[in-house]
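Below is one structure, written out as C-alpha cells, with a few remarks after it.
Note on naming: letters A, B, ... go to the chains in the order of the sequence lines (proteins, then strands), and numbering restarts at 1 for each one. Side chains included, hydrogens not; waters and symmetry mates left out as well; all remaining heavy atoms used.
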Protein chains: 2
Amino acid sequence: MANLKDVAALAGISITTVSRVLNNRGYISKETRKKVYDAMKKLNYSPNEVARSLFRQHTNMIGVIVPSISNPFYGKLAEAIETHAAAKGFKVMLCNSFHETEKEIEYIKMLEGNKVDGVIIGSRSTNLVEYMGTGLPFVTIDRILSDSIPCVSSDNYQGGVLATQFLIEKGCKNLAFIGGSRKLNMMANKRNEAFMTICKDAGVKCMSLETGEEELSAMDYVACIERLFRENPKVDGVFASSDLIAAQTIQTAVKSGRKVPQDIRVIGYDDIIVARMTTPSITTIRQPINEMGRYAVDIILDEAKGEIVPKTTVLPVRLIVREST
Amino acid sequence: MANLKDVAALAGISITTVSRVLNNRGYISKETRKKVYDAMKKLNYSPNEVARSLFRQHTNMIGVIVPSISNPFYGKLAEAIETHAAAKGFKVMLCNSFHETEKEIEYIKMLEGNKVDGVIIGSRSTNLVEYMGTGLPFVTIDRILSDSIPCVSSDNYQGGVLATQFLIEKGCKNLAFIGGSRKLNMMANKRNEAFMTICKDAGVKCMSLETGEEELSAMDYVACIERLFRENPKVDGVFASSDLIAAQTIQTAVKSGRKVPQDIRVIGYDDIIVARMTTPSITTIRQPINEMGRYAVDIILDEAKGEIVPKTTVLPVRLIVREST
DNA sequence: AAATATATAGTAAACGGTTGACATATAAAA
DNA sequence: TTTTATATGTCAACCGTTTACTATATATTT
C-alpha cells in the first residue's frame, strides 16, 4: 500500500506539501494540487487512518454495545446509529453482549483500548459504572446507569398510557400486562406503572406478568403466556411490552381457541417489522427508534467535544393501530 | 489516559520491560510482572490499540457491509460474524449500504483507509470489483462477484428442491414462486431454478414472480402478492424466497378469504425470527446463518494470513416444518 | 523600493507502542 | 571457574501522518 512518501516522490514534491493538500492547510497552487491528486490516483492512495488517529488523538469511531443485534429492536437501533454516524463521518464498532455482564465489561475495555470517541450502550447490566473509566463518553438507551451518564429513551409512561387507554376504550374489562424483569433499572418499567395507574383509575381489573432473563435471551415467552391464560382465562386484553411478546401472545391465544381481536385484544410495543408481518398485524406503540439513534449519536459526539449535554432525552411515542385490537 | 511511560514510571522499571510483560516476550521475574500489573491496574491502563495497529500493520478488525442490519436475515448474519470474530480477538466495523452502490464503494474505501484486515460483503451491487483494490481480502455471502473472491453460501438449489417437493407432497397442484430480482448474480436464484425443475418433473403447474429493488428495500411485497392472487386465483401453494415474503403472503391470503394452510400452503426461506412469530407459524428452509457467519470469518482471516482458501463454501440447509403448510 | 501575500521545501518532533541490538548483573549448572 | 540461563536496562529505529518552525522564492500591493 502506498503512503504519503510514495505520493510525494511520484508528484516530485515534499511530504509536507502533500499533507497540506490532504488537509487543506496553507498555500497550495493549482498545479501542485493537481500533481498530488494525480499521484494519489495513480497509486490508489488513501490516507492511513490508523496513523491519523494516533496523531490526532481521536478515531472518529464509536462503539455500540447491544444485547443482540438479531433482536429486531436492536437491529433497527444499530442501523439508525450507524447511518447517522456515517453521515457525520463516524464509524461504528458493533458489540453483542448477550446480556452477559462479563462480555460487556470486556467490550468496554476493548473499546477503551481502541480509543473510540464514545460508546452507546443499549444494554441491561448493572454495575457497569465502575468499569467505565474516566475519560470515555457514554450514552445509554432506555436505561439510567448513573447520574452522570446521559440517557436517551422514548416516553415509556406515555406509551403505557396510550396502550392501556386504547384497550379500555375498545371495551376490555380484564387486562394483563406482560413485560420484562422490573429489577433492571429500565425506563420500560414505566409502561407497567402507567398500565396499573390507568387501570386503577378506570376501575378495570388488571394484572401484570414479569418475565425473566431466559425468556428475553431466547425470545421465547410462550410458556409464560400459556400459564397466564391458564390461570386467568377471562383476560380479554393484553398489553405486551414488546412486539415479540405480542406476536407470541397472538399465537398462544389462537392456539387456545381464542380469536384475536374478537375474544382478546393484543397491543404490542416498539413497532418493529414483526408487528407488520403477523396475521392479524399488531397494534403497537411506536418508539421513534431512528430518532433515538440519532440523538444518541449527536449526544455522544457533543460529549466527546466536551460540550454540555442533556442528562435525559425523552422522545415521543405514537399509537399505531392495526388489526390485533 | 495513562500510557506505557506512566506505567513504567509507577512500577519503577523501564518502558521496554513493561512492553515485554504485555507481549510475553523475553525473561520476566514474577515480582516485576506483579509490579507491572499493579501499576496497570492503578492507572487503569489499557494499551493503545491504535498505536499497536500502526506498528504491527494490522488492526484485528474486519469490515462487514450489509444492505440493512434491520433486515432480520442480515441482523442474524452480522451477529454471527461479530460473535465469532470476537471469540478470535477480532473487532467488527458495521456498514449499512441500503443497496446503494455508491455507499458500498465509499465504505470499501473507508475500510481500506482504516486498514481493516478484511471485508465481508453481504451485499448485492455489481461492479464493485474494480473498487476492491489490490491487497484487501474480501469474502462475499451468497453472491459471486468475481472469480478471485471467495463466496460463502448455503445450498440454495437443495433448498429449492426441499421446499418444492414438500409443497408437492402436501398435494399442491398450482405453485408459485416469489423471489428477488434474477438480474443480480445471487446464489439465491438457484432456488427458482430448482423450483422450476422439480415442478416440471412432477408435472405440476408453476409460475414464478420476480420482485424489484423497491420491494426489497421497503420489505413490502404486499402489492406484488395481491397481483399474483388476482391474476392467478387458483394458486394453492407458494414458495417464498424469504420469510418476510412468506409472512406477507399469509397476510394477503387471509385478507382475501383464503385459509392457510387449508386453501393455500406457504413455505418461506431463511428461518429468521419472524417465521416463528406469525400465526400460523411459517414452514421454512433454514439457512445455517451462524455457520455461514463463522465460515466467512474463518475464510477472511485465513486469507489475511495469506493462506489458500476455498473459492466457494456451500453449507447444507434444512426443512423446518411449522403450521403454514 | 519596500512591504505583504502566496507558494513551496526541509527538518524534526510528536502520537504510543514494539522490537532488535547490545550491555550488564545475578544465579544456577557444567 | 567457566558457561549458561535468567532478568532487566538503554538506545534507536520504525509504523504513517501531522504540524510547528524556518527558509526561500515569486508575485502583488503599497
Side-chain angles (χ1 to χ4, degrees), chain A residues 1-37 39-40 43-61 109-117 133 135-136, chain B residues 1-37 39-40 43-61 109-117 133 135-136:
Chain A
M1 272 283 93
N3 60 19
L4 259 197
K5 214 195 279 181
D6 303 324
V7 176
L10 184 61
I13 52 179
S14 81
I15 224 182
T16 311
T17 306
V18 179
S19 179
R20 279 206 190 107
V21 353
L22 248 84
N23 296 284
N24 267 317
R25 286 168 26 90
Y27 301 113
I28 307 284
S29 68
K30 265 171 205 154
E31 303 98 61
T32 306
R33 200 177 291 272
K34 194 181 170 329
K35 274 195 287 179
V36 171
Y37 284 132
M40 278 173 27
L43 293 171
N44 190 27
Y45 170 79
S46 68
N48 185 327
E49 295 294 336
V50 177
R52 281 182 158 181
S53 293
L54 179 59
F55 183 86
R56 301 212 240 250
Q57 298 288 77
H58 62 255
T59 51
N60 277 21
M61 183 143 74
K109 280 187 187 158
M110 183 275 278
L111 293 168
E112 235 169 4
N114 281 274
K115 305 297 164 190
V116 296
D117 297 339
L136 192 52
Chain B
M1 274 280 94
N3 59 19
L4 257 197
K5 214 194 277 180
D6 303 324
V7 175
L10 183 62
I13 53 179
S14 79
I15 243 184
T16 308
T17 307
V18 179
S19 179
R20 278 202 190 111
V21 351
L22 248 85
N23 296 285
N24 266 317
R25 290 167 22 92
Y27 299 113
I28 306 283
S29 68
K30 267 173 203 151
E31 305 97 61
T32 305
R33 203 178 288 272
K34 195 181 169 327
K35 274 195 287 180
V36 171
Y37 283 133
M40 276 172 29
L43 293 171
N44 189 30
Y45 171 79
S46 68
N48 184 328
E49 294 294 336
V50 177
R52 280 183 157 180
S53 293
L54 179 59
F55 182 86
R56 299 211 239 250
Q57 298 288 77
H58 61 256
T59 51
N60 277 20
M61 182 143 74
K109 280 188 186 158
M110 184 274 280
L111 293 167
E112 234 170 5
N114 281 273
K115 306 295 163 191
V116 296
D117 297 338
L136 192 54

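- With respect to the salt-bridge test (charged N to carboxylate O, under 4.0 angstrom), the residues A:Lys109 and A:Glu112 do not qualify.
- Of the inter-residue distances, the one linking B:Thr59 atom OG1 with B:Gln57 atom CD reads 10.5 Å to the nearest 0.5 angstrom.
- Whole-Å rounding puts the B:Leu22 CG to C:dG17 P distance at 9 Å.
- The bend of the helix from C:dA1-D:dT30 to C:dA30-D:dT1, defined by the angle between the axes of its first five and last five pairs, stands at 40° to the nearest 10°.
- Sorted by first then second residue, the side chain to side chain donor-acceptor pair (under 3.5 Å) pairs that include residues 2-14 of chain B, not counting sequence neighbours, are B:Ser14-B:Thr17.
- Spacing between atom CG of A:Leu4 and atom C1' of D:dC15 amounts to 13 Å, rounded to whole angstrom units.
- Between A:Ser46 atom OG and B:Met110 atom CE the span is 11.5 Å, to the nearest 0.5 Å.
- In this structure, NE2 of A:His58 is placed 16 Å from P of D:dT17, rounded to the nearest angstrom.
- Salt bridge present: A:Glu49 and A:Arg52 bring a charged side-chain N and a carboxylate O closer than 4.0 Å.
- In this structure, the side chains of B:Val7 and B:Leu43 come closer than 4.5 Å at one or more pairs of heavy atoms.
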> Please walk me through it: do A:Met61 and B:Val50 pass side-chain contact (heavy atoms from CB on, under 4.5 Å)?
Replying inline: CA-CA 12 Å; A:Met61 183 143 74; B:Val50 177; over 6 Å; no
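- Between the CE atom in A:Met1 and the CG atom in A:Asn44 there is a gap of 5.5 Å [rounded to 0.5 Å].
- Distances shown here put every side-chain N or O of B:Gln57 at or beyond 4.0 Å from the OP1 or OP2 atom of C:dT18.
- Listed nucleotides D:dT17, C:dG16, D:dT18 differ in distance to B:Leu54; the shortest reach to its side chain belongs to C:dG16.
- Contacts of B:Tyr37 classified as side-chain contact (heavy atoms from CB on, under 4.5 Å), with partners at least two apart in sequence or in another chain: B:Val21, B:Arg33, B:Met40.
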> When every nucleotide of nucleotides 7-14 of chain D is labelled 5' to 3' by its protein contacts under 4.0 Å (heavy atoms), B for base, S for sugar-phosphate only, - for none, what sequence of letters results?
Replying inline: BBBBB--B
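- With rounding to whole Å, A:Met40 atom CE is found 14 Å from D:dT17 atom C1'.
- Phosphate proximity of C:dT19 to B:Arg25: present, with a side-chain N or O under 4.0 Å from OP1 or OP2.
- The distance from atom CG of A:Asp6 to atom P of D:dC15 is 11 Å, rounded to the nearest whole Å.
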> In the 5'-to-3' direction, what one-character label does each nucleotide of nucleotides 23-30 of chain D receive under the scheme B = base within less than 4.0 Å of a protein heavy atom, S = sugar-phosphate only, - = no such atom?
Replying inline: --------
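- Summarising the geometry of B:Leu4 relative to B:Ser19, their closest heavy-atom pair is CD1-CB, 4.2 Å, with the distance given to 0.1 Å.
- Following rounding to the nearest Å, B:Asn48 (CG) and C:dA14 (C1') show an atom-to-atom distance of 14 Å.
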>> Please encode protein proximity along nucleotides 23-30 of chain C as a string of B, S and -, counting only heavy-atom distances under 4.0 Å.
In response: --------
> Could you go step by step and tell me if B:Leu54 and A:Asn48 meet the side-chain contact (heavy atoms from CB on, under 4.5 Å) rule?
Replying inline: CA-CA 9 Å; B:Leu54 179 59; A:Asn48 185 327; 4.3 Å; yes
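- OP1 or OP2 of D:dT18 lies within a sub-4.0 Å distance of a side-chain N or O belonging to A:Asn23.
- Dashed line: the shortest gap from a side-chain N or O of A:Asn3 to OP1 or OP2 of D:dG16 is under 4.0 Å.
- Among A:Ile15, A:Thr32, A:Ile28, the single residue meeting the side-chain contact (heavy atoms from CB on, under 4.5 Å) criterion with A:Arg20 is A:Ile28.
- Going from atom NZ of B:Lys5 over to atom C1' of C:dG16 covers 9 Å, rounded to whole Å.
- In this structure, A:Arg52 reaches the D:dT18 phosphate: one of its side-chain N or O atoms is under 4.0 Å from OP1 or OP2.
- Considering only heavy atoms from C-beta on, A:Tyr45 comes within 4.5 Å of A:Pro47 through its side chain.
- For the pair A:Val116 and A:Leu136, the tightest heavy-atom approach, listed with the atom from each and the gap, is O-CD1, 3.3 Å.
- The distance from atom CG of B:Asn114 to atom C1' of D:dT17 is 14 Å, rounded to the nearest whole Å.
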